[in-house]
**Q** 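Have a look at the structure that comes next, please.
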Amino acid sequence: MTDEAESGLHLNRRGDTSDLPLERRVPRQRTCSCFSQSRPQPRARVGFHGERQDTSAPGWRHLLELIDEAAADGREEFRPLTQLSPEERQQIITLPPSIARLTAVKHFVLYGSDLVRIPPEIGAMVSLERFTPYTSYRLHWFPYEITRCPNLTQSTVSTRALFGNYKLRPPFPQLRPSLDSVADLEPGNLDPRRWGATVTHGCSVCDRPIEQSGLHQVWISLRVATDVLPLLVNACSAACVTALPGGARGYNLVPHKGGRVHQPAAAWD
């Protein structure tokens, strides 16, 4: 976990692109105004990013090709952003489900991305040992499925960008009421501003199809590798919510719905 100089948030600090030719270096990142990442703002009005991925964009198509190549050659380190042009990198706000095929990757580098969400398929990256989305300042939460990566022991995350982080304690987005049935919902076409993502198919806990059950969303903060991460759980039932582990020390110990939930005091430095 690394926090140095995080108060100067939107500078171009994408270190793993520094050896690229000038014309391929990354321009200034998009800014994010969800909450202050430099001072405590416990009553900030926060929500999910509502952007949808443009799957017709050249950057998206190029990323799909890079994932196909990495899956085919079994590489152990994957740095896709360094192989995209500056314009292509800014077109990527999430990752495709095909990252599930990257079962040989041990180090996944997303340094300085414009990502706003990561799909649950990251849990299928069974060889993952190191995860580096550092300086991805628009990435405020992670899917609970990341806890399925059995070998993940090292991470480098911009702590101040996370919901509920111990330094600033920004709030968590208020989640929708739990549903015992999704008959009136399209799990394959969700509003990301309401649900956090555009798609949810399987229960984060038991993997049961959401379409055959309900949708119970909760937040939980757990230590994943080096960092305590805010994790969004898409559970199929209240029983699966009950089966979740206790939260990390110094954070909410039970799953919650976000909003005005009480948090420990910020360790503002």
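The first residue in the sequence is number 1, and the count goes up from there.
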**Q** Should Asp207 and Arg148 count as an ion pair when the cut-off is N to O under 4.0 Å?
**A**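 Looking at Asp207 and Arg148, the cut-off is met.
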**Q** Answer yes if the side chains of Glu145 and Ser204 hold a donor-acceptor pair under 3.5 Å, and no otherwise.
**A**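 Result is yes, a qualifying pair exists.
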**Q** How many angstroms lie between OG1 in Thr132 and CZ in Arg79, if you round to the nearest 0.5 Å?
**A** 7.5 Å
**Q** Rounded to the nearest 0.5 Å, how far does CZ of Arg138 lie from CZ of Arg117?
**A**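 Spacing of CZ (Arg117) from CZ (Arg138) equals 9.5 Å.
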**Q** Any chain of hydrophobic side-chain contacts (each under 4.5 Å) joining Val218 to Ile146?
**A** yes
**Q** Search all heavy atoms of Tyr134 against all heavy atoms of Val157 and return the closest pair with its distance.
**A**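 Shortest heavy-atom contact: CD1-C, 3.9 Å.
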**Q** Which heavy atom of Ala44 sits nearest a heavy atom of Pro171, and at what distance?
**A**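 The pair with the smallest heavy-atom distance is O-CG, 3.4 Å.
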**Q** Could you go step by step and tell me if Leu81 and Ser113 meet the side-chain contact (heavy atoms from CB on, under 4.5 Å) rule?
**A** CA-CA 8 Å; Leu81 298 184; Ser113 77; 3.7 Å; yes
**Q** Can you confirm whether Leu66 sits close enough to Leu84 that some side-chain heavy atom of one is under 4.5 Å from a side-chain heavy atom of the other?
**A** yes
**Q** Would you give the length of the straight line joining atom OG1 of Thr200 to atom CD1 of Ile210, rounded to the nearest 0.5 angstrom?
**A**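 So the gap between those two atoms works out to 5.0 Å.
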**Q** Taking atom NZ of Lys257 as the centre, report whether more than 12 heavy atoms of other residues, nucleotides or ligands fall under 6.0 Å from it.
**A**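 More than 12 within 6.0 Å, yes.
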**Q** Report whether Leu128 and Ile99 are members of the same hydrophobic cluster (ILVMFWY, side-chain heavy atoms less than 4.5 Å apart, transitive linking).
**A**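 Yes; Ile99 is reachable from Leu128 via cluster members.
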**Q** Kindly indicate whether the side chain of Leu63, heavy atoms from C-beta on, has any atom under 4.5 Å from the side chain of Glu88.
**A**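 They are not in contact (no side-chain heavy atoms under 4.5 Å apart), so the answer is no.
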**Q** According to a 4.5 Å side-chain heavy-atom criterion applied to Ile, Leu, Val, Met, Phe, Trp and Tyr, with indirect links allowed, do Leu253 and Phe163 form part of one hydrophobic cluster?
**A**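 Result: no, two separate clusters.
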**Q** Has Gln37 got a side-chain atom pairing as donor or acceptor with Tyr137's backbone, closer than 3.5 angstrom?
**A** yes
**Q** Nearest 0.5 Å, please: how far is CZ in Arg208 from SG in Cys236?
**A** 5.0 Å
**Q** With rounding to the nearest 0.5 Å, note down the distance linking CD1 in Ile220 to OG1 in Thr147.
**A** 9.5 Å
**Q** Yes or no on side-chain contact (heavy atoms from CB on, under 4.5 Å) for Phe172 and Val46, after CA distance, side-chain angles and deciding distance?
**A** CA-CA 7 Å; Phe172 292 77; Val46 300; 5.8 Å; no
**Q** Is any side-chain heavy atom of Leu110 closer than 4.5 Å to one of Leu95?
**A** yes
**Q** Write down the atom of Gln174, the atom of Arg260, and the distance for their closest heavy-atom approach.
**A** OE1-N, 4.4 Å
**Q** Here's a test for you: under side-chain contact (heavy atoms from CB on, under 4.5 Å), which of Val224, Ile118, Asp227 qualifies with Phe131?
**A** Ile118
**Q** Check whether NZ of the Lys or CZ of the Arg Arg169 lies under 6.0 Å from the centre of the six-membered ring of Tyr251 and within 45 degrees of that ring's axis.
**A**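 Yes - Arg169 lies over the ring of Tyr251, closer than 6.0 Å to its centre and within 45° of its axis.
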**Q** Using the side chain to side chain donor-acceptor pair (under 3.5 Å) rule, take Thr226 and Gln154 through it: C-alpha gap first, then chi angles, then the decisive distance, then the call.
**A** CA-CA 5 Å; Thr226 317; Gln154 298 181 56; over 6 Å; no
**Q** Which pair of non-hydrogen atoms, one from Trp60 and one from Thr94, has the smallest distance, and what is that distance?
**A**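 Residues Trp60 and Thr94, closest heavy atoms: CZ3-O, 3.6 Å.
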**Q** Flag yes if more than 12 heavy atoms outside Arg52 fall under 6.0 Å of its CZ atom; otherwise flag no.
**A**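 More than 12 within 6.0 Å, yes.
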**Q** Are Leu185 and Trp195 close enough that some pair of their side-chain heavy atoms sits under 4.5 Å apart?
**A** yes
**Q** side-chain contact (heavy atoms from CB on, under 4.5 Å) for Leu232 and Gln217? Distances and angles first, verdict last.
**A** CA-CA 7 Å; Leu232 180 61; Gln217 287 192 313; 4.0 Å; yes
**Q** Quick one: do Phe35 and Trp141 end up in the same hydrophobic cluster if we chain Ile, Leu, Val, Met, Phe, Trp and Tyr together by side-chain heavy atoms under 4.5 Å apart?
**A**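 Yes, one cluster joins them.
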**Q** Tell me if a side-chain donor or acceptor on Asp114 pairs with a main-chain N or O of Gln91 at a distance below 3.5 Å.
**A** no
**Q** For residues Cys206 and Cys240, determine if any side-chain heavy atom of one lies less than 4.5 Å from a side-chain heavy atom of the other.
**A**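 Yes, close enough: below the 4.5 Å cut-off.
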**Q** Given side chains that start at C-beta, do those of Cys32 and His140 come closer than 4.5 Å, heavy atoms only?
**A** yes
**Q** Under a 3.5 Å cutoff, is there a donor and acceptor pairing between the side chains of Glu76 and His107?
**A**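 No, no side-chain donor-acceptor contact under 3.5 Å.
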**Q** Does the Asn165 side chain pair with the main chain of Leu162, one donor and one acceptor, at a distance under 3.5 Å?
**A** yes
**Q** Considering all heavy atoms of both residues, which atom of Leu222 and which atom of Pro245 are nearest to each other, and what is their separation?
**A**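 Closest heavy-atom pair between Leu222 and Pro245: CD1-CG, 3.9 Å.
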**Q** Return the orientation label for the Phe108 and Phe78 ring planes: parallel under 30°, perpendicular over 60°, tilted otherwise.
**A** parallel
**Q** Which heavy atom of Ile67 sits nearest a heavy atom of Leu102, and at what distance?
**A**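 Of all heavy-atom pairs spanning Ile67 and Leu102, the closest is O-CD2, 3.8 Å.
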**Q** Does some side-chain heavy atom of Pro264 sit less than 4.5 Å from a side-chain heavy atom of Tyr166?
**A** no
**Q** Under 3.5 Å, side chain of Arg130 to main-chain N/O of Lys106, donor-acceptor pair present?
**A**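 Checked: no pair found.
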**Q** Say whether, by atom type as modelled, one donor and one acceptor occur between the side chain of Arg160 and the main chain of Lys167 under 3.5 angstrom.
**A** no
**Q** Looking only at atom types and distance, does a side-chain atom of His216 sit under 3.5 Å from a main-chain N or O of Asn234, one as donor and one as acceptor?
**A**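 Judged by distance alone, no pair lies under 3.5 Å.
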**Q** Before accepting this row, confirm whether a basic side-chain N of the pair Asp73/Arg75 lies closer than 4.0 Å to the acidic partner's carboxylate O.
**A**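 Looking at Arg75 together with Asp73, the answer is yes, because their closest N to O distance falls below 4.0 Å.
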**Q** Rounded to the nearest 0.5 Å, what's the gap from CZ on Arg89 to CD on Glu87? Could you check?
**A**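 Between atom CZ of Arg89 and atom CD of Glu87 there are 8.5 Å.
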**Q** Any chance the side chains of Asn252 and His262 put a donor and an acceptor closer than 3.5 Å?
**A**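 The answer is no; no qualifying pair exists.
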**Q** Using atom types as modelled and distance alone, determine if a side-chain donor or acceptor of Ser36 lies under 3.5 Å from a backbone N or O of Arg39.
**A** yes
**Q** Are Trp219 and Leu229 joined in one hydrophobic group, where the rule is that I, L, V, M, F, W and Y side chains link up if heavy atoms are under 4.5 Å apart?
**A**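 Not linked; separate clusters.
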**Q** Does His49 form a side-chain contact (heavy atoms from CB on, under 4.5 Å) with Ile93? I'd like the steps, not just the answer.
**A** CA-CA 10 Å; His49 281 271; Ile93 62 167; over 6 Å; no
